Number of protein chains: 2
Amino acid sequence: MMWRIDPGGDEPLYAQLVTQVRLAVAHGELRPGERLPAARELAASLDLNMHTVLRAYQLLRDDGVVELRRGRGAMVAARQPADLTAVERAIADLVDAARRAHLSTETTTTLVKEAMHR
Amino acid sequence: MMWRIDPGGDEPLYAQLVTQVRLAVAHGELRPGERLPAARELAASLDLNMHTVLRAYQLLRDDGVVELRRGRGAMVAARQPADLTAVERAIADLVDAARRAHLSTETTTTLVKEAMHR
DNA sequence: AGCTTGTTCTAGTAGTCGTAGAACAAATAT
DNA sequence: ATATTTGTTCTACGACTACTAGAACAAGCT
């Protein structure tokens with residue numbers, strides 16, 4: 001749970017938190033059913049407002065990454081992709097090809113997003 | 001030059017334009033040296049403000065996609081990735097793997113961005 | 001009963017987004 | 001040379017978002 005939030009970054013604080021939790025879940029650092037820190041608690045430790053943390057949690061809930069219940073807290077959703085080895089290999093290949101083509105990160109992710117949306 | 005901008009979208013107008021130009025260049029619809037519409041002209045045809053178009057153009061310039069000179073206009077930068085076939089195949093494989101793993105578009109692009117930044 | 005935790009509400013400040021108009025400078029066209 | 005085109009820079013305004021803050025509330029746990 002060693003997340004870092006950069007208040008001076010170009011990305012909104014809640015979006016940074018969404019990204020970090022998303023990656024932690026995808027990489028298996030947080031497992032299905034595992035409990036996340038309470039919003040007030042995490043807000044205190046990251047020096048954020050509770051509402052900012054809850055906004056991130058609610059976006060992650062809308063995305064099916066976590067489940068939220070009052071009194072109980074936030075936990076990683078039960079249904080998570082099990083096997084990501086094929087995805088990880090595909091990403092490694094893509095990064096390699098993009099590097100060789102001198103493609104920027106922005107253009108690469110734009111192309112991926114376009115391809116996913118079809 | 002049939003770009004569409006959605007004023008009601010969640011993404012800022014200038015960002016939508018950046019994406020469309022970026023894709024057009026990456027897909028070879030706009031070739032190096034080719035001239036883009038003048039900011040005032042494109043603004044009129046897309047029903048945007050000139051400043052909004054120029055903001056997109058300037059971001060693309062900062063990214064090395066286009067070159068801007070007053071009096072002359074905007075043109076696609078000389079140096080562009082030549083061969084994207086390997087990238088496109090890698091993206092197709094990635095999309096396939098992500099679909100099979102029931103991975104969301106957001107998580108997939110987050111993972112790609114993370115991998116590119118290393 | 002008491003505590004924890006997400007939910008919802010109002011509210012205020014700061015910044016971004018988009019529009020608008022104007023003046024200006026470099027490149028081009030006549 | 002002169003006029004036109006085009007990006008650059010400046011100020012300005014209304015609308016919206018981001019973030020913080022405090023409070024009251026409801027569901028779950030101890």
Side-chain angles (χ1 to χ4, degrees), chain A residues 1 3-22 25 30 33-78 106, chain B residues 1 3-22 25 30 33-78 106:
Chain A
M1 227 72 76
W3 296 322
R4 271 180 285 106
I5 301 295
D6 175 16
D10 45 342
E11 199 177 16
L13 305 180
Y14 71 87
Q16 293 183 42
L17 187 50
V18 165
T19 297
Q20 307 233 355
V21 174
R22 199 189 291 280
V25 172
L30 286 175
E34 190 166 347
R35 197 171 173 283
L36 275 72
R40 294 170 225 261
E41 183 189 332
L42 184 56
S45 82
L46 292 179
D47 202 31
L48 299 177
N49 191 276
M50 173 190 66
H51 299 294
T52 304
V53 173
L54 276 175
R55 185 169 181 180
Y57 278 7
Q58 283 155 4
L59 285 172
L60 288 163
R61 176 193 53 192
D62 296 347
D63 233 61
V65 177
V66 304
E67 289 171 6
L68 300 181
R69 293 202 194 157
R70 47 185 154 189
R72 212 198 310 188
M75 56 174 50
V76 179
E106 290 71 26
Chain B
M1 226 73 75
W3 296 322
R4 271 180 284 106
I5 300 295
D6 176 17
D10 45 341
E11 200 178 18
L13 304 181
Y14 72 87
Q16 293 183 41
L17 186 52
V18 164
T19 297
Q20 307 233 353
V21 175
R22 200 190 290 280
V25 172
L30 287 175
E34 191 167 345
R35 195 172 174 284
L36 276 72
R40 295 170 224 261
E41 184 189 333
L42 184 56
S45 83
L46 292 179
D47 202 33
L48 299 177
N49 191 276
M50 172 191 66
H51 299 294
T52 303
V53 173
L54 275 175
R55 184 168 182 180
Y57 277 6
Q58 283 156 3
L59 285 171
L60 287 163
R61 176 193 55 193
D62 295 346
D63 232 62
V65 177
V66 304
E67 289 171 4
L68 301 181
R69 296 207 191 153
R70 48 185 154 187
R72 211 197 310 187
M75 56 172 51
V76 179
E106 290 70 28

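Basis for what follows: all heavy atoms, side chains included, without hydrogens, waters or symmetry-related copies. All chains are named by letter (A, B, ...) in the order of the sequence lines, taking the proteins before the strands, and each is independently numbered beginning at 1. The structure displayed is predicted, hence computed values, not measured ones.
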Can you see if the side chain of A:Thr52 gets near the phosphate of D:dA18 - specifically, an N or O under 4.0 Å from OP1 or OP2? no
Note to self: Can you see if the side chain of A:Tyr14 gets near the phosphate of D:dA18 - specifically, an N or O under 4.0 Å from OP1 or OP2?
What the structure shows: yes
If you draw a 6.0 Å radius around [atom1] in [X], do more than 12 non-hydrogen atoms from other residues or ligands fall strictly inside?
X	atom1	answer
A:Asp47	CG	no
A:Asp10	CG	no
A:Asp62	CG	yes
B:Arg35	CZ	yes

Whole-Å distance separating the [atom1] atom of [X] from the [atom2] atom of [N]:
X	N	atom1	atom2	value
A:Met75	D:dA27	CE	P	18 Å
A:Leu13	D:dA21	CG	C1'	15 Å
A:Glu11	D:dC19	CD	P	10 Å
A:Asp6	D:dA18	CG	P	17 Å
B:Leu46	C:dG18	CG	C1'	14 Å
A:Leu59	D:dT17	CG	P	13 Å
B:Arg72	C:dA29	CZ	P	11 Å
B:Asp10	C:dT16	CG	P	19 Å

So which protein N/O to nucleotides 7-10 of chain C N/O distances come out below 3.5 Å?
{"from": "C:dT7", "atom 1": "OP1", "to": "A:Arg61", "atom 2": "NH1", "distance (Å)": "2.8"}
{"from": "C:dT7", "atom 1": "OP2", "to": "A:Gln58", "atom 2": "NE2", "distance (Å)": "3.0"}

Taking C:dT19, D:dG7, C:dT5 as options, the one with an atom nearest any side-chain atom of B:Tyr57 is D:dG7
Side-chain atoms of B:Leu48 come closest, of D:dC19, C:dT19, D:dT6, to C:dT19
Between [X] and [Y], is any pair of side-chain heavy atoms under 4.5 Å apart?
X	Y	value
A:Arg22	A:Asp63	yes
A:Glu106	B:Val65	no
A:Leu13	A:Leu46	no

Of all heavy-atom pairs linking B:Ala77 and B:Gly64, the shortest is CB-O, 3.3 Å
Between A:Pro37 and A:Trp3, the two heavy atoms sitting closest are CD-CZ3, 4.5 Å
To the nearest 10 degrees, the angle between the two end axes of the helix from C:dA1-D:dT30 to C:dT30-D:dA1 (five pairs per end) comes to 30°
